Amino acid sequence: MLTITLKPGKEKSLLRRHPWIFPTAIDRIEGRPDEKNKPGATAVVQSASGQFLARAAVSPKSQIRARVWTFNENEPIDHALIKRRVKQAFAYRAAAVRETDAIRVVFGEADGFPGLVVDWYAGKAGFLVCQFQSAGVEAWKVPIVQALIAESGCPNVYERSDASVREREGLPLVTGVLAGDEPGPETPVTENGVRYAVDIKTGHKTGFYIDQRDNRRLVMEHAAGRDVLNCFCYTGGFSLAALKGGAKSVISIDSSGEALAIGKRNVELNGFDATRAEWWDADVFKTLRTLREQGKSFDLIVLDPPKFANSPDHVDRAARAYKDINLLGFQLLRPGGLLFTYSCSGAISADLFQKIVAGAANDAKVDARILRRLSAGADHPMTTSFPEGEYLKGLMLHKP
Ligand code: SAH
């Protein structure tokens, strides 16, 4: 058995049920040498005075040296726990998620699986797509996959553990079939009545940005008759929602040609009028400036950029980039227009994001009104003790 003993005072965050243990908090790790170096081995975590705090999975190579499985001394880490948690995760989604067959069924810490993401596309004949991003869940991969199949009734499981965070855990990047069939180039899903093709094997993340579902719906509800500009469109999530909602025209910009090709395909899949949609393979920063120089304007603009701040060290640089695009967004918006703007950087808080956007509005001399504060859908919950889980934040703004 492995035991992690913390330095005096370092038990505080665990007593607040925060699930991460950093090397600086650890006084010593005791156990057999082969166990100590085994990624994902379960350890008992105790305070300097020997009080039980948690059971955690050890990541010998990671800056997050251990991640908590349970704070309950009577809860063993075994197959039954894996099954129980998968069951809970599915039960919660069944109650909370509607009008889609693209669902995040496991979201890391919030579902009791630190470092595990599982997205489920297209029902029982579709695919479960997993990202194992920590040594703990990697060590329990086989029982996790079994539990996912049993709970979903979907026999096809594909692994997309190719996110760079794996390297920080000392884990190799891997992709491939874990069970059942291999996904084809297009797995069609239907979200809020819109069909989208998902490229599970080579698309971003697990193929689709499921987290923006509710926000795409909001855009759908406000798009009628509007000229829409969708920046960082990927496969056209917001663009298709806007077309469904009756947008007059939609220009979608992304720097990925593959993503744009799927976007165009999505227009076909839905039988929408392709002349209402333009797809531009371009850099958003440059294109927004060009549009401004040309005196162009829009009724509804979406800004959903990639994560600009990968860590707290990048917050300043990221803040400048967010401010830049939002300033351009306000300038390109017609009076009465709507701006939907997002940040998926965990290192940028909702408060800071709002300040950045306020600064941009101020520089653009726009008295913008915040109509709504936005976040990820209910299948991306966060826990009260783990604020790091909140990464996606956004604002719906009106330009008078
Ligand atoms: N809104 C999308 C998800 C956006 S992900 C949805 O609902 O599905 C961010 C996208 O930004 C990616 O597709 C990436 O290719 C694109 N991107 C990143 N930097 C860019 C840049 N400078 N100019 C244009 N697109 C960029």
Side-chain angles (χ1 to χ4, degrees), residues 100 102-104 119 121 129 163 186-192 194-200 202-220 223 228-245 247 250-267 269-270 277-291 300-310 314 317-318 320-326 328-329 332 339-346 374-377 379-380 391-396:
T100 185
I103 304 163
R104 176 146 300 182
D119 289 339
Y121 297 113
V129 187
E186 270 183 24
T187 300
V189 298
T190 308
E191 176 192 281
N192 291 315
V194 181
R195 284 166 67 75
Y196 293 99
V198 179
D199 178 358
I200 289 172
T202 58
H204 292 181
K205 310 277 169 80
T206 68
F208 193 58
Y209 290 89
I210 295 178
D211 52 0
Q212 290 284 27
R213 179 197 313 120
D214 295 354
N215 297 319
R216 287 189 284 259
R217 167 146 217 143
L218 199 59
V219 163
M220 188 189 296
V228 174
L229 178 66
N230 180 13
C231 300
F232 309 97
C233 68
Y234 185 50
T235 55
F238 285 100
S239 313
L240 272 292
L243 289 168
K244 173 91 176 171
V250 182
I251 294 175
S252 308
I253 310 174
D254 203 280
S255 53
S256 159
E258 292 91 3
L260 291 165
I262 299 178
K264 284 183 205 163
R265 177 86 183 97
N266 285 337
V267 176
L269 267 181
N270 287 278
E278 285 181 39
W279 302 88
W280 295 359
D281 187 343
D283 175 68
V284 166
F285 293 87
K286 281 191 200 141
T287 308
L288 292 182
R289 286 190 163 71
T290 309
L291 287 167
L300 192 161
I301 298 179
V302 179
L303 299 171
D304 183 24
K307 188 156 77 176
F308 287 154
N310 281 310
H314 298 141
R317 202 180 62 198
R320 284 194 292 278
Y322 286 118
K323 184 165 176 192
D324 186 37
I325 54 170
N326 281 282
L328 288 156
L332 288 168
L339 176 65
F340 294 82
T341 181
Y342 302 92
S343 162
C344 61
S345 302
L374 309 169
S375 63
D379 48 348
H380 295 63
Y391 65 104
L392 181 66
K393 69 277 311 180
L395 295 167
M396 174 183 179

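Both counts, for ligands and for their atoms, begin at 1 and track the order of listing. Atoms considered below: every heavy atom in the structure, side chains included; atoms not considered: hydrogens, waters and symmetry mates. Just so it is clear, the model here is predicted, and its values are computed rather than measured.
- Of the charged side-chain nitrogens involved, none lies within less than 4.0 Å of a carboxylate oxygen, so that Asp283 and Arg289 do not count as a salt-bridged pair.
- Protein heavy atom closest to atom 6 (C) of ligand 1, with residue, atom name and distance, is Arg216 NH1, 3.8 Å.
- Counting the atoms of ligand 1 from 1 in the order shown, those under 4.0 Å from a heavy atom of Phe238 are 1 (N), 7 (O).
- Nearest protein heavy-atom neighbour of atom 25 (N) of ligand 1: Ser255 N, 3.1 Å.
- Checked against the 6.0 Å centroid criterion, the rings of Phe238 and Tyr342 qualify as a close aromatic pair.
- In terms of polar-atom proximity, defined here as any N/O pair under 3.5 Å, Asp304 does make such a contact with ligand 1.
- Looking at Asp254 next to ligand 1, an N or O pair under 3.5 Å apart turns up.
- The nearest heavy-atom contact from the protein to atom 23 (N) of ligand 1 is Val284 N, 2.9 Å.
- For ligand 1, the atoms closer than 4.0 angstrom to any heavy atom of Tyr209 are 3 (C), 5 (S), 8 (O).
- In this structure, atom 4 (C) of ligand 1 lies nearest to the protein heavy atom Phe232 O, 3.2 Å.
- With atom 12 (C) of ligand 1 as the reference point, the heavy atom nearest to it among Lys205, Arg213, His204 is part of His204.
- Remark: Arg213 engages Asp379 in a salt bridge, criterion side-chain N to carboxylate O under 4.0 Å.
- The protein non-hydrogen atom at the shortest distance from atom 19 (N) of ligand 1 is Pro306 CG, 3.9 Å.
- For the pair Cys233 and Ser252, the tightest heavy-atom approach, listed with the atom from each and the gap, is SG-CB, 3.6 Å.
- Side-chain contact annotation: Thr206 with Tyr121, donor-acceptor N/O pair under 3.5 Å present.
- Between the side chain of Asn215 and the backbone N or O of Ser375, at least one donor-acceptor pair lies under 3.5 Å.
- Backbone and side-chain nitrogen or oxygen atoms of Asp283 are examined, and one is located within less than 3.5 angstrom of a nitrogen or oxygen of ligand 1.
- Side-chain atoms of Gln212 and Asp304, non-hydrogen and from C-beta on, do get closer than 4.5 Å to each other.
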